[in-house]
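Structure first, commentary second.
All ligand and atom numbering here is 1-based and tracks the order in the structure. All of these numbers come straight from a predicted model, not from anything done at the bench.
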Amino acid sequence: MQDAPFLIAGAGIGGLTAALALGRAGFSCLLVEQRTQIEEIGAGLQLSPNASRILIELGLEPVLTRYAATPEQLLVRDGTDGKTLSTLPMGVSMVQKFSAPYWSIHRADLQTVLLDAVRGLGTVRLIFGRKVSALVKNDDEGLIVTCSSATQSEDVSCRSLIGADGLWSSVADLIGPAKVPEFLRYQAWRGLIPIQDWPSHLPKTESRLWLGSKAHLVHYPLRRGNAINVVAVTSDAENRLGWSHPGERHKITDRFREWAPDAKDVINAVAEWSVWSLFDRPARPQWGTHRVTLLGDAAHPVLPFLAQGAALAIEDAATLAKDIIATPTDVSGALRRYEAKRRPRASQVQEAARANGRTYHLGWPLNKARNFVMARTDLSKRYDWLYSFTLS
Ligand SMILES: Cc1cc2nc3c(=O)[nH]c(=O)nc-3n(C[C@H](O)[C@H](O)[C@H](O)COP(=O)(O)OP(=O)(O)OC[C@H]3O[C@@H](n4cnc5c(N)ncnc54)[C@H](O)[C@@H]3O)c2cc1C
C-alpha cells in the first residue's frame, strides 16, 4: 500500500497543485485527466496573496512572473455615471501588507506552468483522456479505483483518491449522494482584448469593477499587460452548460448600452465573447470517506464574485499535501484533518462570494443605495481575513 500512488482525478488548477506539492515531497502520484489535452479554454483568474504565496513556496515565482500581470489598484466605479466609489491599493501595497503579490493570469497559462512543473518531477505520472469512473473498494485495508476511457477501463490500486474534478465532480458522486449544482440565473460573458485594441484613453495597469443594475463588469490586465481580461456578468434566465459558448456580441452591447461611456468602450472593444452560466452547490455534508477526499470546486464551488475559485483550490491542495506529509503512514487520518481544517474556510469564502453576487446584482433603486454605501467603504482592510491566509 505504501508504494501505491496517490490517484488525483482532474488536472485542473487544484489537481495540478496537489500533484506538485505531493510529488515534490517524493510521493508517487497518478494524475488522471478526462480531457485529451490542456486547451486554451477559459480566460482570466485572479491570484490574490493567499494563493500566490503558496505558488511561490512551490518554487513557481520566476516562471509565473513571465505570464502574470500585477494590477496597481482596483477601482470600483458606478456603472451609470462612471464615478469612482472606492479604491483598493494592489501592486506594491499588497506585497508590503501580505508579503505576497496579487497577480492576474490566464487560466491556460497557470495550468501550463503547473503542468510543466509536474512533468519535471519524475514522481508524477500523467494520463490524459481517462476519467475516474468507479470505486471498487475503499476501506481501511485498501483502495481500488476504476479509470476508464471510451475504449478501455482499468482498476488501479492506490493509496488515496483525491477528487479534484471540478464542479460536476464524479468522485463526489462516488462518495455519496449530493445536491445537483443549481443554476443561479447569472451569465458570465468573457472576452480578451489584445493591448493594441484596448481603448487608448483607458488605463492599462489597473483593475476595475463597475457596479450597475442587475449586472456588473470587471476588467484587469493579463499576460504582463499584453492583454486585458473582461468579464461582464448579467442576471439572465438562459442556461448554457459548459465553459465556453460563443456569445452574441449584439446582446451584450445592447445590455450595456446605457452604461457610463468608459464601461461601454470596454464592452465594445471585445471582438469575441464566450458565455458561461453560473452554478452553485451548497457545501457537501461529507468531503470524503476512508481513503477518498475532495478538493477545490469538487468540494465547494465558489461563485466568481470574490475571485477565489482558483485560490481556494490552491489552498486546499497545499493544506492536503501538508497533512499527508505530516503523517504519511496514516493517510485516512490526514484526509480527515485536512477536511476539518478546510470546511470552515471554504464555507466562509463561498458565503462571502454569494453575498457579493447578491449585492452586485441589485436592481433599481437598491443599486443606488449600494453605491452610496460603497462610496463610504474603506476597501483596504475588508479582505485582510481572506488574503492573510497561511498554511496551518
Ligand atoms: C475548461 C475550464 C475553463 C475555466 N475557465 C474559467 C475562467 O475563465 N474564469 C474562472 O474564474 N474560472 C474558470 N474555470 C474555473 C476555475 O478554473 C475553477 O473554478 C478553479 O480553478 C477551481 O479549480 P479545480 O481544480 O477545483 O477545478 P477545475 O479547474 O474545474 O478542474 C477540474 C478538472 O477535472 C477534470 N475532470 C472532471 N471530471 C473528471 C473525472 N471524472 N476524471 C478525471 N478528470 C476529470 C476536468 O476536465 C478539469 O480539467 C474554468 C474551469 C475549466 C475546467
Side-chain angles (χ1 to χ4, degrees), residues 7-20 30-48 51 55 104-111 114-115 126-135 145-149 153 156 161-175 181 188-192 218 220 222 229-233 241-245 247 273-281 287 292-318 320 342 346 349-350 353:
L7 176 54
I8 302 169
I13 307 305
L16 283 163
T17 307
L20 181 59
L30 181 60
L31 182 52
V32 175
E33 166 58 46
Q34 66 175 5
R35 291 172 192 266
T36 48
Q37 57 181 19
I38 298 290
E39 295 158 73
E40 193 55 24
I41 313 179
L45 295 175
Q46 302 192 58
L47 293 174
S48 44
L55 298 173
S104 45
I105 190 163
H106 196 290
R107 186 180 184 280
D109 292 341
L110 175 59
Q111 216 174 357
L114 288 166
L115 191 62
L126 273 149
I127 305 183
F128 280 93
R130 204 78 66 88
K131 61 188 292 181
V132 165
S133 54
L135 272 183
V145 178
T146 309
C147 296
S148 52
S149 67
S153 147
V156 183
L161 169 62
I162 299 167
D165 52 345
L167 174 67
W168 302 95
S169 171
S170 316
V171 175
D173 293 339
L174 298 176
I175 296 174
W189 292 68
R190 287 186 316 229
L192 206 58
V218 181
Y220 50 83
L222 292 179
N229 185 62
V230 180
V231 183
V233 184
L241 266 188
W243 289 105
S244 224
H245 291 274
W273 290 97
S274 312
V275 190
W276 105 87
S277 300
L278 302 186
F279 287 80
D280 194 13
R281 198 178 45 203
W287 283 20
V292 182
T293 195
L294 303 173
L295 63 75
D297 282 1
H300 49 70
V302 196
L303 292 167
F305 307 123
L306 196 59
Q308 287 295 312
L312 270 198
I314 291 167
E315 286 185 9
D316 282 352
L320 175 60
R342 294 301 299 162
V349 176
Q350 275 183 309

Using a heavy-atom cut-off of under 4.0 Å, does the side chain or the backbone of [X] touch ligand 1, or both, or neither?
X: Trp276; value: side chain
X: Ser170; value: side chain
X: Leu45; value: side chain

Under 4.5 Å between any side-chain heavy atoms of Val145 and Val171, yes or no?
no
Quick one, Leu303 and Phe279 - any side-chain contact, counting heavy atoms below 4.5 Å?
no
Numbered atoms and elements of ligand 1 in range of [X], under 4.0 angstrom, heavy atoms:
X: Gly10; answer: 33 (C), 34 (O), 35 (C), 43 (C), 44 (N)
X: Lys131; answer: 40 (C), 41 (N), 42 (N), 43 (C)
X: Val32; answer: 43 (C), 44 (N)
X: Arg190; answer: 5 (N), 6 (C), 7 (C), 8 (O)
X: Gly12; answer: 25 (O), 29 (O), 31 (O), 33 (C), 49 (O)
X: Ala310; answer: 20 (C), 21 (O)
X: Gly296; answer: 26 (O)

Could you tell me whether some N/O pair between [X] and ligand 1 is separated by less than 3.5 angstrom?
X: Ala11; result: no
X: Gly309; result: no
X: Gln111; result: no

Would you call the rings of Trp189 and Trp273 parallel, tilted or perpendicular, taking 30° and 60° as the class edges?
perpendicular
Mind listing the closest non-hydrogen atom pair of [X] and [Y] along with its distance?
X: Ser169; Y: Ala172; answer: OG-N, 2.9 Å
X: Gly12; Y: Glu33; answer: N-OE1, 4.2 Å
X: Asn229; Y: Gly44; answer: OD1-N, 3.1 Å
X: Ser149; Y: Gly129; answer: CB-O, 3.3 Å

Who's closest to atom 8 (O) of ligand 1 heavy-atom-wise, of Ala299, Ser148, Gly44, Ala43?
Ala43
Set of side chain to side chain contact (heavy atoms under 4.5 Å, CB included) partners for Leu126, sequence neighbours left out:
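Leu126 satisfies side chain to side chain contact (heavy atoms under 4.5 Å, CB included) with Leu31, Leu115, Val118, Arg119, Phe128 only.
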How would you list, by chain and number, every residue that makes a side chain to side chain contact (heavy atoms under 4.5 Å, CB included) with Ser153, sequence neighbours excluded?
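If we apply the side chain to side chain contact (heavy atoms under 4.5 Å, CB included) test to Ser153, skipping adjacent residues, the hits are Thr146, Ser148.
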Backbone N/O of Gly296 and side chain of Asp316: donor-acceptor pair under 3.5 Å
yes
Could you tell me if any non-hydrogen atom of Ala164 lies under 4.0 Å from any atom of ligand 1?
yes
